[in-house]
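Only one structure is covered here, and it is reproduced in the block below.
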Amino acid sequence: MNATAQTPIDGHDALPCSFSASYAGVVAFITVATEGSFARAADRLGVGRSAVSRSVQKLEGQLGARLFLRTTRSTSLTSEGELFFENCRPGVERITQALDEMRDLREGPPRGQLRISSTHGFGRNVVAPLLAEFRLRYPGIGIELTLEERLADLAVDRVDVAFRDGRMDDSQVIAKQLIPMRMLVCASPDYARRRGLPASIGELQAHACINRRLPNGRLRSWDFKIDGVAQSVAPPGELVFNDDDLLLQAVHAGQGLAQMPAYQVSAALRSGALLACLNPFAPDDRGHYLCYLSRRQLPKRIRVFIDFITAQVRALNLDPQVDAPPPLAPAFGLRTDAAA
């Protein structure tokens, strides 16, 4: 007899006898691990908390290992639980995806929950204003929009669609460019009347520059292209913000110059509320991207959102064409770092 064959137990095959309980336990376990609590897992699964707890306990008994450390205040994975979670999650996600796709085909209009991640500036000013129209068109789709500067891990954070700025080098996701991401140095007309505008990179040293603090604690560099070579400069500044909207407000108030993405200042440039300078030294475009996991068959709720947001964002015309003054040779005196 093959040593690996299943041994009958009480006249029944062990595999089919245990499969139902095992699968329920795995689903309960994955949900608790993802949601961070038994109560939230029960709400998501639509069952009682005690049912979730029993399913996990049965699974722990089958595995002969404790999967969670539970206190009155928190629920966390044990080391065995972390290993089991990493091994089980891809399979459960594929099963869930298959069920979602079949449900989409059978039930017609797209529905379900859509989890979106974006940077604060792009999410607040571009994505969020479009969501009301999307919900009118697709009332069956619920939306959770999270604004954060860090790059979301689409798999780990269970994000369906993420909006990212800059060059994409993550081979695990599909990145679709929505619009260009040009960086423009801007000032208010009032500031220009009082202080003038720089005609070269070196002249920034004599101006009030407003800087942006990144989540990693560093100041965001100002990027330029000088004689065909990309360079990053660190202009001195007395004002520093960690929020794009505060940066823009300070520029409007005439407190100084700042380099900002074109989408953020497009309306103000067209109306004359802001002026752009140093345009001959603008860096190469980096792009605003819509990203999602590489799946052959996307659920309908994700497909319709991608199509909708792509058309709507591009129709906004967020990349203004600004008149460029005659190129001038850059002055020197600023610390520069060559950029690849």
Side-chain angles (χ1 to χ4, degrees), residues 6 9-10 12-108 110-117 140-144 146 152-162 172-173 292-303 305:
Q6 294 290 332
I9 300 177
D10 295 332
H12 298 283
D13 193 311
L15 180 60
C17 282
S18 64
F19 179 78
S20 178
S22 297
Y23 181 73
V26 169
V27 171
F29 164 75
I30 289 288
T31 309
V32 173
T34 302
E35 297 296 328
S37 82
F38 280 77
R40 288 195 295 270
D43 290 341
R44 184 178 170 198
L45 293 172
V47 299
R49 180 176 177 176
S50 60
V52 175
S53 182
R54 285 196 302 271
S55 293
V56 171
Q57 288 174 357
K58 287 181 182 179
L59 179 64
E60 289 177 326
Q62 290 174 319
L63 297 175
R66 190 175 184 182
L67 301 175
F68 290 106
L69 295 173
R70 284 166 265 191
T71 69
T72 56
R73 294 186 176 182
S74 66
T75 299
S76 59
L77 289 168
T78 63
S79 57
E80 293 84 359
E82 290 177 353
L83 177 63
F84 190 64
F85 179 70
E86 290 303 317
N87 288 333
C88 285
R89 188 182 61 201
V92 172
E93 287 180 345
R94 292 193 67 176
I95 292 172
T96 302
Q97 179 187 341
L99 292 172
D100 285 345
E101 291 171 358
M102 293 302 101
R103 190 178 298 112
D104 283 346
L105 290 174
R106 185 178 68 251
E107 298 179 2
R111 63 184 63 201
Q113 191 71 12
L114 194 62
R115 299 188 65 166
I116 306 166
S117 172
I141 300 178
I143 294 176
E144 177 180 343
T146 300
D153 186 314
L154 275 67
V156 173
D157 298 330
R158 295 174 44 243
V159 170
D160 296 306
V161 176
Q172 300 303 310
V173 301
Y292 51 97
L293 287 177
S294 301
R295 298 174 179 168
R296 263 176 34 178
Q297 299 295 330
L298 283 173
K300 189 182 295 184
R301 67 181 184 280
I302 299 178
R303 291 200 306 271
F305 180 76

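Just the heavy atoms: all of them, side chains too, but no hydrogens, waters or symmetry mates, feed the values below.
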Using 0.5 Å steps for rounding, measure from the CG atom of Leu69 to the CG atom of Leu77. 8.5 Å
Is there a donor in the side chain of Ser50 and an acceptor in the side chain of Ser53, or the other way round, less than 3.5 Å apart? no
Quick one: are Phe305 and Val161 in side-chain contact, heavy atoms under 4.5 Å? yes
Determine the interplanar angle of the Phe29 and Phe85 rings, folded into 0 to 90°, and report it as parallel if under 30°, tilted if 30 to 60°, perpendicular if over 60°. perpendicular
Trace of the side-chain contact (heavy atoms from CB on, under 4.5 Å) decision for Val47 with Val52: CA-CA 7 Å; Val47 299; Val52 175; 3.6 Å; yes
What distance do Phe38 atom CZ and Thr75 atom OG1 have between them, rounded to the nearest 0.5 Å? 5.5 Å
Stepwise side-chain contact (heavy atoms from CB on, under 4.5 Å) test for Val27 and Leu45: CA-CA 9 Å; Val27 171; Leu45 293 172; 4.0 Å; yes
Closest heavy-atom pair, Asp160 versus Gln113, reported as atoms and distance to 0.1 Å, is OD2-O, 3.6 Å
In Å and rounded to the nearest 0.5 Å, what is the SG to CG distance from Cys88 to Leu59? 7.5 Å
Check against side-chain contact (heavy atoms from CB on, under 4.5 Å), Val26 and Phe84: CA-CA 9 Å; Val26 169; Phe84 190 64; 4.2 Å; yes
Determine yes or no for a side-chain-to-main-chain donor-acceptor pair under 3.5 angstrom, with Arg44 supplying the side chain and Glu35 the backbone. no
Verdict with supporting geometry, Phe68 and Val32, side-chain contact (heavy atoms from CB on, under 4.5 Å): CA-CA 9 Å; Phe68 290 106; Val32 173; 3.5 Å; yes
So, for Thr78 and Arg66, which heavy atoms are closest and what is the spacing to 0.1 Å? OG1-O, 2.7 Å
Would you sort out whether Arg70 and Glu60 count as a salt bridge (charged side-chain N to carboxylate O under 4.0 Å, His left out), showing the intermediate values? CA-CA 13 Å; Arg70 284 166 265 191; Glu60 289 177 326; 3.2 Å; yes
Heavy atoms only: give me the nearest Pro110-Ile141 pair and the separation to one decimal. O-CG1, 3.7 Å
Atom pair CD1/CD1 of Ile116 and Ile143 - distance to nearest 0.5 Å: 5.0 Å
Nearest non-hydrogen partners of Ser55 and Ala28, listed with the distance: CB-CB, 3.9 Å
Examine distances only and state if a side-chain atom of Glu144 and a backbone atom of Arg115 form a donor-acceptor pair shorter than 3.5 Å. no
